[in-house]
> 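One structure coming up, written as structure tokens, with questions to follow.
In what follows, chains carry the letters A, B, and so on, assigned in the order in which the sequence lines appear, proteins first and then strands, with residues in each chain numbered from 1.
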Amino acid sequence: MSTPAREMPRREGSFEREPARRVFAGELRECHYQFREGDDEKSPTFVLLPTGERCNRIFLIGTLTEKTRQGEQNMFYRGRVVDPTGTFFVMAGSYQPEAMQQIAKIETPAFVAVIGKPSLYRKDEASAPMVSVRVESITVVDKETRDLWVLDAAERTLDRVDALRTGDSPDITKAKEQYPTVDPVVFRKMAYDALAQITI
Amino acid sequence: MDFSEAAERISRKFVKDGTALADKAKIEGKLRRLVQEFGVQPSEAERSVTGELAREHNMALPGSAPNGQRSGGGTAEKKITEAVPGEWVTFEGKVVALSAPVSPSISQSGILADESGAIRFVAWAKANAPAMNEGSWYRIESGVVDEYKGVANLKIHSGTTIKEISEDRTLIPVPQEIKDLHAGIGGVRAKVVQEWDASHERMLQSGLLGDETGTIKFVIWKEPGREKLEVGGVYNIFYAQVDEFNGRLSLNLNGATILQEEGDIAVSGGEAAFTGAIVHIAPGSGIIKRCPVEGCNRALSRQNYCPVHEIQQKFVYDLRIKGWLDDGTKTHSILLQRDAVETLTGISLAAAQEIAENNPLGMDEVFLQMRDKVLGRYVTCRGREIDNRLLVNSCELKTFDSAEHTGLLNRAGGAA
């Protein structure tokens, strides 16, 4: 039986873009669980944050400290983007030609805004999972924009830490299962330290 | 399974004017065949045969009814908005509108309302149902709610009984907010904010209605007794048909009850403001060429081709940015028009034209320069939200607010 017409969402089938989550490098580094929503080839993959939110896309601003070009036939760029809490590992390959051209032009060090998709990988079977960010877009920004991002990421992190304590969404439950040893107080402190580094 | 008993049960459902519509032996044969030959579960076989007969006799039947409890009148009495397609229902409601049947197989169609809402109904000619009068109350037993063009619809068939309710009941319809409308039947209290040129000779009027929560397109088709709405007038509109096309809603006012009233409404126009980071600049942003034909203004392709007016060499340059604004929890589609683009990027139309005509990359260079100036930046965009896209009137860069900084420091340090 079809769903009741009256309960159908007003804009059925309209496209909802996955929002870009704000997460500090220090939290993203802790991720070791990812999952797929649906069995379709094009189903999105999500990395689950220890604070209980899924992310398919993230937005980050930090300092691009180094970039290296690798590969001959399948050339790609790797880069390290540093925020007040740690380092994001970013990469742009031939499937992201726009991002690759953007990163090629940037001279390090520089403040960069990165929109990209996080994913987990392992160097080999035995090693711990690493999170890298496949860049969709990377642009040079100024310090003020970087500071705005630190505020934004701190606020979102605190929101998640609060929700983790009181909420019971499926993702929060899953996060508690997947990251039993993680103490959310760590992320509150991380946000505080990041904010404290901003000098005006 | 007792086949003859099951067949009896099924045949009882298909009786019209005292004569059975279906042959019991035939039903029994079908059941036997399904169960014995095809190994179908008895209850499923009964459901399937019942469904087949229902289709044959144009009497939509809902899911399984293995125990034959439905011998007329045994259907749940419901409020109109509670009905789900596929259900047998009994409603008490008022016929608030009648419309001309669109097919000879329909004897009557219109809208039935109760205090919870309203639903379109159709009485099949085959049903031999008594004609209902507009404005009267009826108890309709054993109708079937199904779905027609994505909207719930009440079918009155030969098994439905209709009784007029003589007591005088009042029905005060409550208007909805425009943002809460959904496909079906709806009512609003709204102001006519725009009137558009009729796009069809049968169209009496079309335009835009607005209330405090948003706007919606409306249309009135030519029909005796229908009058145009006054631009700027405020109307209470009840029992209008809310249509959905390509995900957009519109109000069809033919058949609606329309009352003009005094007063004014501060139409929101979907005025909205979002703050976030610009996370994507879509192709087609930057400097574009527009069709010069009066009233067209469409964006031309690289070959100066307008989808309607073909090649246009005397195009007009314009600036725009299409993209996504993201606050970390939701992403909004945004469209910046020339003024907003010039303010945000600091590149004027004249400067962009100069780049487009003299730089080896041409218009692409404008796109790249604008992208590098806005992507990843925090902005506040204000404008009208239409169909999930924000048409931006003004867009400004967010600046660092030390009070916000202090507040967050306290929040992070305070409750640790």
Side-chain angles (χ1 to χ4, degrees), chain A residues 1-22 57 59 61 98 101-102 105 112-115 136-145 147-159 161-162 185 188-196 198 200, chain B residues 62-63 81-87 117 145 147-148 150-153 179-184 244 247-249 276-281 324 326-333 368 371-378 387-388 397-402 404-409 411-413 415-416:
Chain A
M1 205 54 63
S2 58
T3 49
R6 285 141 200 266
E7 284 164 31
M8 275 196 286
R10 175 163 170 167
R11 307 276 182 224
E12 197 192 24
S14 76
F15 172 68
E16 284 259 341
R17 184 180 154 108
E18 280 295 332
R21 306 297 180 183
R22 323 294 207 240
R57 176 179 279 131
F59 173 58
I61 298 186
E98 196 189 327
Q101 288 165 27
Q102 286 174 302
K105 278 195 292 187
V112 289
V114 175
I115 294 111
E136 289 180 320
S137 168
I138 179 167
T139 42
V140 175
V141 296
D142 58 11
K143 178 175 177 302
E144 184 173 12
T145 307
D147 290 346
L148 285 170
W149 179 80
V150 173
L151 296 189
D152 190 13
E155 185 175 8
R156 294 296 172 199
T157 302
L158 294 173
D159 287 347
V161 170
D162 290 347
V185 170
R188 179 179 293 282
K189 181 159 188 322
M190 189 181 282
Y192 182 86
D193 292 345
L195 289 166
I198 298 179
I200 306 158
Chain B
T81 40
E82 292 164 4
V84 171
E87 273 186 330
V145 174
E147 211 176 298
Y148 179 67
V151 171
N153 197 311
K179 71 172 167 49
D180 295 332
L181 288 175
H182 51 71
E244 183 166 353
R248 294 177 193 195
L249 297 176
I278 296 178
V279 294
H280 183 67
I281 303 293
W324 291 95
D326 186 314
D327 66 8
T329 51
K330 190 166 172 14
T331 312
H332 304 274
S333 173
L368 294 174
R371 182 194 67 190
D372 289 347
K373 284 196 156 73
V374 303
L375 198 60
R377 302 322 195 270
Y378 283 91
D387 294 325
N388 279 347
L397 278 172
K398 190 179 172 194
T399 51
F400 189 84
D401 177 1
S402 52
E404 191 185 345
H405 182 213
T406 317
L408 281 168
L409 271 172
R411 186 178 161 198

> If you count heavy-atom pairs within less than 4.5 Å of chain A, which of B:V145, B:T399, B:D401 leads?
B:T399
> Just verifying a value: how many Å separate B:Y378 OH and A:I61 CD1, rounded to the nearest 0.5 Å?
5.5 Å
> When rounded to the nearest 0.5 angstrom, what distance separates OG1 in A:T139 from CG in B:L375?
4.5 Å
> Check whether any side-chain heavy atom of A:D152 lies under 4.5 Å from a side-chain heavy atom of B:E404, and answer yes or no.
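No; the side chains remain at least 4.5 Å from each other.
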> Which pair of heavy atoms, one from B:A277 and one from A:F59, lies closest together, and at what distance?
CB-CE2, 3.3 Å
> If you apply the rule side chain to side chain contact (heavy atoms under 4.5 Å, CB included), what do you find for A:E144 with B:L397, and how did you get there?
CA-CA 11 Å; A:E144 184 173 12; B:L397 278 172; over 6 Å; no
> Under 4.5 Å from any heavy atom of chain B, what part of A:V112 do you find: side chain, backbone, both or neither?
neither
> Should the pair A:D162-B:R411 be classified as a salt bridge under the 4.0 Å nitrogen-to-oxygen rule?
yes
> Quick one: which of A:M190, A:R21, A:E98 has the most heavy-atom pairs under 4.5 Å with chain B, could you say?
A:R21
> At what distance, to the nearest 0.5 angstrom, does NE2 of B:H405 lie from CG of A:L195?
5.0 Å
> Rounded to the nearest 0.5 Å, what separates atom CD1 in A:I198 from atom OG in B:S402?
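A:I198 atom CD1 to B:S402 atom OG measures 11.0 Å (nearest 0.5 Å).
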> Taking side chain as C-beta onward, heavy atoms only, is B:R377 less than 4.5 Å from A:L148?
no
> To the nearest 0.5 Å, how far apart are CD in A:E136 and NE2 in B:H280?
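One gets 8.5 Å once the value is rounded to the nearest 0.5 Å.
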> Please classify the contact between B:S333 and chain A as side chain, backbone, both or neither, with a heavy-atom cut-off of under 4.5 Å.
neither
> Test side chain to side chain contact (heavy atoms under 4.5 Å, CB included) on B:D372 and A:K105; report intermediate values, then the result.
CA-CA 11 Å; B:D372 289 347; A:K105 278 195 292 187; 4.2 Å; yes
> Do A:Q102 and B:L368 have side chains that approach each other closer than 4.5 Å (heavy atoms only, starting at C-beta)?
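No; the side chains remain at least 4.5 Å from each other.
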> Can you find a heavy atom in the side chain of B:V279 that is under 4.5 Å from one in the side chain of A:R17?
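They are in contact (side-chain heavy atoms under 4.5 Å apart), so the answer is yes.
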> Would a 4.5 Å heavy-atom cut-off, applied to side chains only, mark B:T329 and A:P19 as touching?
no
> Show your reasoning for whether side chain to side chain contact (heavy atoms under 4.5 Å, CB included) applies to B:D326 and A:E18.
CA-CA 9 Å; B:D326 186 314; A:E18 280 295 332; over 6 Å; no
